Amino acid sequence: MTTTISNTPLKTGVVNPSYDRSRLKTKIVHLGFGAFHRAHQALFTDEIAGKSESDWGYCEVNLFGGEELIQKLREQDHLYTVAEKGANKIDVKVIGSVVESLHSTFDGTQAILEKMAEPQVAIVSMTITEKGYCSDPATGQLDKTNPLIVHDLANPTDPKSAIGYIVQALRLRRDRGLTPFTVMSCDNVQENGHVARAAVMGYVQLLDQDLAQWIESNVTFPCTMVDRIVPAATEDTLSEIAELLGVTDPCGIACEPFRQWVIEDNFVAGRPDWTLAGAEFVEDVIPFEEMKLRMLNGSHSFLAYLGYLGGYDHISDTMTDPAYKEAALNLMLKEQAPTLTMPEGSNLRAYAELLIDRFTNPSLKHRTWQIAMDGSQKLPPRMLNSIMSHLESGTEYKYLALGVAGWMRYVSGIDENEQPIEVLDPLANELKSICDKHGRNVSVVQALMSIDSIFSPELANNHLFIEEIEKAYSNLITLSAKGAVAAL
Ligand code: NAI
Ligand code: CS2
């Protein structure tokens, strides 16, 4: 028998599920069993099962990648470890809220659809990355030319996209006279519930008007603000976790101690009481989402592009450079905070200072390269929407401008030492062909702005915006990333 976390006594200090796991049912199907979900929603759901009679459990589904993770998870009775790493202390928890799992590759599409159509399933939640919504990041509307959507429109009963799965599962439920489920996005997408709804509705309207009407009237798509820094696990992460447990856990994940979850209270078939684990249910999540996306994620992306180009491998490394640290704080307080409308009592200075502390945590090895990924999806909510607000009010945005220029320089695929950069992005080919054509000439700025799924016409045709980004880009080329950040 293989020795796993489920059949081996673990070291003292490890927190194990304190409840009877057999009580849990698959009431949530989660799409996207990646790093983040393991350390966030699944952990909240585990904690509330320890504090109440909650019977909410997960079926984890991966539609793309992560096959081995699902296989290993099954071998260890769906238990896995979360190591919460502070600067001086590590808490190790074994999570018990996962009941079962499926993968499109070895279980097949129909098994996943049948699971989503089981009567007791009340929520389908998602951490499928920004690109999983098959939507245009500039407008938040379904991209009908997305290859997965094109496939699903032609084969709606055998879908590939998360959107196609949700619609087909809802069709099965309606046809069988079952209640609908709530669709809950937990991705870093601005107004994530609205984007999920727009994608689902945009797709189903092309397929079936009756079903579209049923979904419109019966399904809700609450917005959520989710926060916890969870870097992708490395060999080092897994060795450290094995050391702490006394046995290897290939599904283990490390993260920071901080966590936050603000959820719009709009569920059609019930929901767990996640407040027992510190989540908040509110009427309007959008101010919290915007605050997090602009202040945390906006400065993360700034540090990722300028940090990578400046030779810093991890976010905590950028924080050892006083110019980067000051730039991140200024970006948050001078250029992002003024664009936000927050509920009374919010303290954005305290929030920014806490973010700097979190970024500084030396125990977390969060790669600038990882955050730099998928910039075409991340730029609008993190930087461009705030720039729109500065253009309306005629205020300065030099930090944001350098952030956008940093992305433009990064996607050229060649770093400041003429070494190749592995640029991962759904638009990687288009970005490369534009950058190859223009080289490091400032003309690349306007050429990249012609990508209308990223830059709205209001931005791409605004001469003040073009000039500001061209200036930042030229500084970056002349002074290098470190020089341009210091010159701010
Ligand atoms: P990951 O790379 O570990 O996992 C990505 C997951 O998305 C995988 O389960 C994969 O199967 C799924 N996926 C990828 N492309 C897909 C597609 N086109 N359709 C359906 N599923 C798809 O990434 P991680 O760290 O779990 O992050 C996932 C998302 O969670 C992020 O993009 C972000 O929106 C959100 N998030 C992540 C945080 C973090 O610190 N890691 C914190 C807050 C939110
Ligand atoms: C990061 C986020 O990868 C990224 O783009 O900015 O995943 C960030 O770690 C989380 O949003 C923190 O909650």
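We count ligands from 1, going down the list as the structure has it; atoms in each ligand are counted the same way. Values below: all heavy atoms of this structure, side chains included; hydrogens, waters and symmetry mates excluded. Keep in mind it's a predicted model, so treat the numbers as computed, not measured.
Residue Gln370 has no nitrogen or oxygen atom sitting less than 3.5 Å from a nitrogen or oxygen atom of ligand 2, judged on distance alone. Residue Asp227 has at least one nitrogen or oxygen atom sitting less than 3.5 Å from a nitrogen or oxygen atom of ligand 2, judged on distance alone.
Under the 4.0 Å criterion applied to side-chain N and carboxylate O atoms, Glu130 and Arg382 are assigned as salt-bridge partners. Checked for salt-bridge contact, Arg74 and Asp107 meet the test: a charged N lies under 4.0 Å from a carboxylate O. A salt bridge links Glu47 with Arg259: the distance from a Lys NZ or Arg NE/NH1/NH2 to an Asp or Glu carboxylate oxygen falls below 4.0 Å. Electrostatic pairing of Asp208 and Arg171 counts as a salt bridge here, judged by a charged N lying under 4.0 Å from a carboxylate O. Salt-bridge check for Asp321 with Lys482: failed, with every basic side-chain N at 4.0 Å or more from each acidic carboxylate O.
Near ligand 1, Gly32, Phe33, Gly34, Ala35, Phe36, Asn62, Phe64, Thr127, Ile128, Thr129, Glu130, Gly132, Asp187, Asn188, Val226, Arg228, Ile229, Val230, Lys292 each place a heavy atom less than 4.0 angstrom from the ligand.
Side-chain N/O atoms of Thr26 and Glu100 include a donor and acceptor closer than 3.5 Å. Ser185 and Tyr133 share a side-chain donor-acceptor pair at under 3.5 Å.
With a heavy-atom cut-off of 4.0 Å, Met373 does not touch ligand 2 at all.
Note on ring orientation: taking the six-membered ring where Trp is involved, the planes of Tyr410 and Tyr308 are perpendicular (angle over 60°, cut-offs 30° and 60°). Using a 30° and 60° split on the angle between ring planes, His37 and Phe33 fall in the perpendicular class, above 60°. Classification of the Trp261-Phe44 ring pair by plane angle, with boundaries at 30° and 60°, yields perpendicular.
Among protein heavy atoms, atom 2 (C) of ligand 2 sits closest to Asn297 ND2, 3.5 Å. Annotation: atom 1 (C) of ligand 2 to nearest protein heavy atom, His300 ND1, 3.4 Å.
Of all the atoms in ligand 2, the ones that sit under 4.0 Å from a non-hydrogen atom of Lys292 are 10 (C), 11 (O), 12 (C), 13 (O). Taking a cut-off of under 4.0 Å to the non-hydrogen atoms of Asn188, the atoms of ligand 2 that pass are 2 (C), 7 (O), 10 (C), 11 (O).
Which of His40, Gln377, Arg228, Lys378 comes nearest to atom 5 (O) of ligand 2 through a heavy atom is settled by distance: it is Lys378.
Partners of His194 under the side chain to side chain contact (heavy atoms under 4.5 Å, CB included) rule, at least two apart in sequence or in another chain, are Glu191, Arg197, Cys223, Ile286.
The closest approach between a heavy atom of His366 and any atom of ligand 2 is below 4.0 Å. Under the 4.0 angstrom criterion for non-hydrogen atoms, Gln260 is not in contact with ligand 2.
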